[in-house]
Amino acid sequence: MTIGAIGSVTITPFPNEFNPNASGVQDSGAIKNPGESTQVSPGRKSSPAECETCRERKYQDGSDEMVSFKAPTHISPQASGSAVRAHESEHVRNAYQKAAKNDGQVLQASVSIKTAICPECGRTYTAGGLTTTRIKYGGGDESNPYQRDQNARQYAGMAGANFQSDF
């Protein structure tokens, strides 16, 4: 495949529904996140200091690459932004290494970061990221008949496109 290796990688929080240890909101008012505000925002179930959801939120990578977050890992809401950005940059670095190793060229590498608001306490956190890469292999090998045909079609489409008449 001449243009291939289109990859999408995402890191997302491990939802509480799948965590058997997440018991939901406790009415005891116990501090679960020390150093956080104890003020409950209007329309929210708890304060950031008492938020069970934020305390139990875990992140896990869903790709087949060897990068961080292969096992569900807790990241605090304050550190989630930098941790997710660093993780997604690992995927970009891997794409460049893969392209260099296999005589390819990275055509596009982009990272999108998603944020969300905790439904329990209303705190904003980084919910995950997505890395998309496009790598072109075999950049112009004229011995390949498919590449020769593609180059000929491109030339036919461009021939005379920049012709300027002196009339």
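Counting begins at 1 with the first residue of the sequence. Computed from a predicted model, the values in this text were never measured in an experiment.
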I'd like to check [X] versus [Y] (side-chain heavy atoms, cut-off strictly below 4.5 Å). Are they in contact?
X: Gln105; Y: Tyr96; answer: no
X: Lys114; Y: Leu130; answer: yes
X: Val111; Y: Arg85; answer: no
X: Thr131; Y: Glu88; answer: yes
X: Tyr137; Y: Asp103; answer: no
X: Tyr125; Y: Ile117; answer: no
X: Lys101; Y: Gln97; answer: no

Going by distance alone, is a donor N or O of one side chain under 3.5 Å from an acceptor N or O of the other, for Glu90 and Ser68?
yes
For Gln78 and Ser80, test the side chains for any donor-to-acceptor distance below 3.5 angstrom and give the result as yes or no.
no
Test side chain to side chain contact (heavy atoms under 4.5 Å, CB included) on Val84 and His87; report intermediate values, then the result. CA-CA 5 Å; Val84 170; His87 172 82; 5.5 Å; no
[X] side, atom [atom1]; [Y] side, atom [atom2] - distance, nearest 0.5 Å:
X: Lys58; Y: Thr73; atom1: NZ; atom2: OG1; answer: 7.5 Å
X: Asp61; Y: Lys70; atom1: CG; atom2: NZ; answer: 4.0 Å
X: Glu120; Y: Cys54; atom1: CD; atom2: SG; answer: 7.0 Å
X: Arg57; Y: Thr126; atom1: CZ; atom2: OG1; answer: 10.0 Å
X: Cys118; Y: Arg123; atom1: SG; atom2: CZ; answer: 7.0 Å

- Message: Tell me whether Glu52 is salt-bridged to Arg55, with the criterion being a basic N under 4.0 Å from an acidic carboxylate O.
- Response: yes
Scanning both residues in full, the closest heavy-atom pair of Ile135 with Ala95 reads CD1-O, 3.7 Å
message: For a side chain to side chain contact (heavy atoms under 4.5 Å, CB included) check, start with the C-alpha distance between Thr132 and Gln108, then their side-chain angles and the critical distance, and finish with the verdict.
response: CA-CA 8 Å; Thr132 305; Gln108 177 260 338; 4.1 Å; yes
